[in-house]
Number of protein chains: 2
Amino acid sequence: MRASERAYRALRDDIVEWRLPPGTLLAEVEQSGRLGVSRTPLREALGRLTAEGLTTAGGRGVMVTAISLADIDELFELRETLEGRAAALAAERGEPATFRRLQAALLAAPALVTGDTPAVEDYYGLVSDLDAAIDSAISNSYLVQAMRSLRVHLVRIRRMAADNAARLTAAAAEHAAIAEAIADRNPRLAQAATTLHLHRSLSHIKATSTSLHNTSTSP
Amino acid sequence: MRASERAYRALRDDIVEWRLPPGTLLAEVEQSGRLGVSRTPLREALGRLTAEGLTTAGGRGVMVTAISLADIDELFELRETLEGRAAALAAERGEPATFRRLQAALLAAPALVTGDTPAVEDYYGLVSDLDAAIDSAISNSYLVQAMRSLRVHLVRIRRMAADNAARLTAAAAEHAAIAEAIADRNPRLAQAATTLHLHRSLSHIKATSTSLHNTSTSP
DNA sequence: AACCGAACAGCTGTATACACCAACCGCCGG
DNA sequence: CCGGCGGTTGGTGTATACAGCTGTTCGGTT
């Protein structure tokens, strides 16, 4: 694999996993030494990160961007616009059988997040499958790319919130409702179910991330 | 100005103005010689162009991407989603006086595109002012950035279509209707006016670009 | 003691040299 | 005559050296 790609993925993962907290200065020589690549591919990686909005290139060096509550509101406003439309388009153009299968899997998902050995990653994999199925169904590469650029930020936000079993169980039901509406070829219902899910998700994030925000800004 | 920025703007302008037609291979050494910069900043410029979708980096070198009619359909599908929502948000949050002024200017715009010395650039400037006013009113940087990344492609498409005085006159009235709905703080009407305008615009492009497409694909 | 200025240090921006890779072209065998 | 194959050539990917700039800090001045 190319060195620039390795550097990009390593930095992106470090940022979304909060190993590189907001405000961290990413000096080129320092990071190139840490990641074992030269400055040239590292610069390319930093450029990609900055284009995505994960870092900002101001004055001296690039810094990991902060995420304020206002940013989360804006992000979800755009997300509702894009994913609502995407769900509606998927209902118009998707293969019902695919989404019927996903609906069944999501209805069984609560068993994944409760119990002794919660397989939360498997649940997230299911959600990714639904996203991928929607992406494939709408057959609009520009819309897909716009949503993809949002998902990076959303993963970062997810790590900020406290995902407990109760919320994940409810979210699985909401996702199942979206899949069902798409399988039923009902665009308006699919969009409404998406809107509902995103509002619930945003409410949960805002309710649980406030405390995190307070602790992170304590001296 | 930085060399990488100069190279980026020069290449982007060359592409959207169709001086570099689709399929052109942008070899690094060749372009760096043509633009008078070294390969390093040129690579950064090519990376930005590829991230925006104006070029594709496949195999040997980057190529200027083609725009098919399907691409235009997809682009306008996303555009309607984003700009419709943007217009609605502007109606909710914007300053009515600003859009009232723009409405008046747009109602007087037909005089710009008809007559002996058509000031088409002035008309496009007015449309840009309306876009900027909407961007400023919605106060959502993520949505603004998503629309901005679309506008580059739209300029390229505009050069493909034949903008005659009749279409520009009608478009001015459609833009005035959008501005009026925002000034009236009527989100649903603003969204509907945007949808109408984009559909008319797309119809015009498809009607006039077909012949161009045929000539460009002739042996 | 506070403020201003200039030298300094570290960084980014750019240019260039080298290694590797992938596509083309000619050649050989079937 | 056609298909597979190795040499060749130009390209990209990477590393490094140098120049310019910006933020900092120390010293002097008021």
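Just so it is clear: chains get the letters A, B, ... in the order the sequence lines come, proteins before strands, and each one is counted from 1.
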Peer 1: Is the shortest side-chain heavy-atom distance between B:Thr56 and B:Val62 below 4.5 Å?
Peer 2: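 B:Thr56 does not reach B:Val62 side chain to side chain.
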
Peer 1: So which nucleotide from C:dT14, D:dT14, D:dT16 ends up closest to the side chain of B:Ser4?
Peer 2: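 Taking heavy atoms from C-beta onward, the closest nucleotide is C:dT14.
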
Peer 1: Just to confirm, is there a sub-4.0 Å distance from OP1 or OP2 of D:dT16 to any side-chain nitrogen or oxygen of A:Thr40?
Peer 2: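 Answer is no, no contact under 4.0 Å.
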
Peer 1: Under 3.5 Å, is there a donor-acceptor pair between the B:Thr65 and B:Arg156 side chains?
Peer 2: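 A pair is found: one side chain offers a donor N or O, the other an acceptor, under 3.5 Å apart.
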
Peer 1: Take the protein atom CD of A:Glu5 and the nucleotide atom P of D:dG13, then report the distance between them rounded to whole Å.
Peer 2: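 A:Glu5 atom CD is separated from D:dG13 atom P by 11 Å.
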
Peer 1: May I ask you to test the B:Arg6-B:Leu35 pair for a side-chain heavy-atom distance under 4.5 Å?
Peer 2: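 No, their side chains stay 4.5 Å or more apart.
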
Peer 1: How close or far is atom P of D:dG10 from atom CD of B:Gln31, stated in whole angstroms?
Peer 2: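 That distance rounds to 18 Å.
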
Peer 1: Answer with yes or no whether B:Arg2 presents, from its side chain, a donor or acceptor under 3.5 Å of a partner atom in the base of D:dG20.
Peer 2: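 Not at all, since no donor on one side and acceptor on the other fall under 3.5 Å apart.
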
Peer 1: Figure out the CG/C1' separation between A:Leu25 and C:dT12, and round it to whole Å.
Peer 2: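 The distance from CG of A:Leu25 to C1' of C:dT12 comes to 11 Å, rounded to the nearest Å.
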
Peer 1: Could you tell me the separation between the CG atom of B:Leu26 and the P atom of D:dG11, rounded to a whole number of Å?
Peer 2: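 The answer, rounded to whole Å, is 13 Å.
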
Peer 1: What integer distance in Å separates A:Glu28:CD from D:dT16:P?
Peer 2: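 Those two atoms, CD and P, are 15 Å apart.
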
Peer 1: Between the base of D:dG11 and the side chain of B:Arg39, is there any donor-acceptor pair under 3.5 Å?
Peer 2: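 By the distance-only test, no, there is no pair.
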
Peer 1: Of the nucleotides D:dG11, D:dT16, C:dA15, which one has an atom closest to the side chain of B:Val37?
Peer 2: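 The closest nucleotide is C:dA15.
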
Peer 1: Taking atom P of C:dT16 as reference, at what distance in whole Å does atom CZ of B:Arg43 sit?
Peer 2: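 About 16 Å, once rounded to whole Å.
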
Peer 1: Starting at atom CG of B:Leu42, determine the distance to atom C1' of D:dG13, rounded to an integer number of angstrom.
Peer 2: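 In whole Å, D:dG13 C1' lies 14 Å from B:Leu42 CG.
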
Peer 1: Report yes if a donor N or O on one partner sits less than 3.5 Å from an acceptor N or O on the other, where the partners are the side chain of A:Arg60 and the base of D:dT22; otherwise report no.
Peer 2: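 Between D:dT22 and A:Arg60, which were checked side chain against base, a qualifying N/O pair under 3.5 Å is present.
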
Peer 1: Figure out the CD/P separation between B:Glu44 and D:dG13, and round it to whole Å.
Peer 2: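 It is 15 Å, rounded to the nearest whole Å.
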
Peer 1: Judged by each residue's nearest nucleotide on DNA chain D, which is more toward the 5′ side, A:Met1 or B:Glu30?
Peer 2: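 This one resolves to B:Glu30.
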
Peer 1: Please determine if A:Arg158 forms a cation-pi arrangement with A:Tyr124, meaning its NZ or CZ atom is less than 6.0 Å from the six-membered ring centre and no more than 45° off the ring axis.
Peer 2: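 Flagged: A:Arg158 positioned over aromatic ring of A:Tyr124.
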
Peer 1: How long is the span from the NE2 atom in B:His175 to the NE2 atom in B:His197, to the nearest 0.5 Å?
Peer 2: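 Reported to 0.5 Å precision, the distance equals 3.0 Å.
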
